[in-house]
Amino acid sequence: MKIQKEDLLITHLFNAPRELVFNAWTDPEHLQHWYAPDGCTIEFKSIDVKVGGRFHSVVYDPVHGECWIRGVYQEIKFPEKLVFTMELSNEQGVPVGANEAGKPEDWPPAIITTVIFESLGEQTKLTLHQTVAEAEARKTGAYQSWFSMFDRLNALLATGK
């Protein structure tokens, strides 16, 4: 994972074994319960979690409206690593520009997300890297959204599901 100094990099500690945390990132049933910021919901129009598999999702935000994303799983190494692309799209899955998607002009057309899962006893240290400038992610709320999603995931993992 080549990290540019301005890229978004977040680490978080989960109170669950890494297999459970990894599964929460790859099981569509789990994803729909946590993979959206507070006050928002997510729906997957399609999802095929395998190398080369694709997903197409929409986050429903009561303030900013719909945000459609499509992507491709580039690497899946259970339970250690997950790499996927994220690209702004429309409801039909056609790529759209940042302005059309309601993002700032300099938002990248495609982002690579790398998630590393490390065991620390019964806990999991998660490292998330995205190829978007942290400053830009903070301006759009994307940075802060990860923390609310991680809180939702922590609550889900606490139920043991």
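Aromatic ring pairs are classed by plane angle as parallel below 30°, tilted from 30° to 60° and perpendicular above 60°; the pair H56 and W68 is tilted. Using cut-offs of 30° and 60° for the angle between ring planes, the F117 and W25 rings count as perpendicular. Between F78 and F22, the ring-plane angle classifies as perpendicular under the 30° and 60° cut-offs.
Between H129 and L9, the shortest heavy-atom distance links the atoms CB-CD1, 3.9 Å. For the pair P62 and C40, the tightest heavy-atom approach, listed with the atom from each and the gap, is CD-SG, 4.3 Å. Scanning both residues, N154 and N15, for their nearest heavy atoms gives OD1-N, 4.1 Å. Between M149 and P37 the shortest heavy-atom distance is CG-N, 3.8 Å. The shortest heavy-atom contact between I111 and P108 is CG1-CG, 3.8 Å. In this structure, L88 and C67 approach most closely via the heavy-atom pair CD2-SG, 4.4 Å.
Hydrophobic clustering, with ILVMFWY side chains joined whenever heavy atoms are under 4.5 angstrom apart, groups L31 together with M86. Under the 4.5 Å side-chain heavy-atom criterion for ILVMFWY residues, a single connected hydrophobic cluster contains both Y35 and V115. Under the 4.5 Å side-chain contact rule for hydrophobic residues, I69 and V59 share a cluster.
Checked by atom type and distance alone, the side chain of D27 never pairs as donor or acceptor with a backbone atom of N23 at under 3.5 Å. Looking at T131, its side chain does come within 3.5 Å of a backbone N or O of I112 through a donor-acceptor pair. At distances below 3.5 Å, at least one donor-acceptor pair connects side-chain atoms of T85 with backbone N or O atoms of V72. With hydrogens and angles ignored, the 3.5 Å screen pairs no side-chain donor or acceptor of W34 with any backbone N or O of S148. Side chain of D61 to main chain of G65: no donor-acceptor pair is present (N/O by atom type, distance under 3.5 Å, no hydrogens or angles). Using a distance-only test at 3.5 Å, with no hydrogens or angles considered, no donor-acceptor pair links the side chain of K81 to the main chain of T114.
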Would F55 and V49 count as a side-chain contact (heavy atoms from CB on, under 4.5 Å) here? Give the steps. CA-CA 8 Å; F55 67 88; V49 184; over 6 Å; no
Output, in order, the C-alpha distance, side-chain angles, deciding distance and verdict of side-chain contact (heavy atoms from CB on, under 4.5 Å) for Q74 and F84.
CA-CA 5 Å; Q74 296 181 330; F84 54 94; 5.9 Å; no
Candidate pair L13 and L120, rule side-chain contact (heavy atoms from CB on, under 4.5 Å), full reasoning: CA-CA 9 Å; L13 190 62; L120 298 176; 3.7 Å; yes
Original post:
After noting the C-alpha distance and the side-chain angles of V132 and D7, does the key distance pass the side-chain contact (heavy atoms from CB on, under 4.5 Å) rule?
Top reply: CA-CA 5 Å; V132 62; D7 281 357; over 6 Å; no
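Under 3.5 Å, the side chains of E66 and Y60 contain no donor-acceptor pair of N or O atoms.
Here the straight-line distance linking atom CG of L82 with atom CD of E80 works out to 12.0 Å at 0.5 Å rounding. From D38, atom CG reaches atom CG of D151 across 7.0 Å, with rounding to the nearest 0.5 Å. Here CD1 of I47 is found 11.0 Å from CD of E29. Values are rounded to the nearest 0.5 Å. In this structure, the separation between OG on S57 and CZ on R70 is 12.0 Å, given to the nearest 0.5 Å. The CG atom of L128 lies 6.0 Å from the CG atom of L8; values are rounded to the nearest 0.5 Å. Distance OG/S46 to CZ/F44: 9.5 Å, rounded to 0.5 Å.
Every residue two or more places apart in sequence or in another chain that forms a side chain to side chain donor-acceptor pair (under 3.5 Å) with K139 is listed here: E136. Scored by the salt bridge (Lys or Arg N to Asp or Glu O under 4.0 Å) test, E118 finds no partners at all (sequence neighbours excluded). Residues satisfying the side chain to side chain donor-acceptor pair (under 3.5 Å) test with Q144, not counting sequence neighbours, are none. For S119, the side chain to side chain donor-acceptor pair (under 3.5 Å) partners two or more places apart in sequence, or in a different chain, are R18. Partners of R152 under the salt bridge (Lys or Arg N to Asp or Glu O under 4.0 Å) rule, at least two apart in sequence or in another chain, do not exist in this structure. The side chain to side chain donor-acceptor pair (under 3.5 Å) test applied to N99 returns E105, not counting sequence neighbours.
In summary, the aromatic rings of F14 and F150 are positioned with their centroids under 6.0 Å apart.
Counting heavy atoms from C-beta outward, V21 and L126 have side chains that approach closer than 4.5 Å.
More than 12 heavy atoms of other residues, nucleotides or ligands sit less than 6.0 Å from atom NZ of K45.
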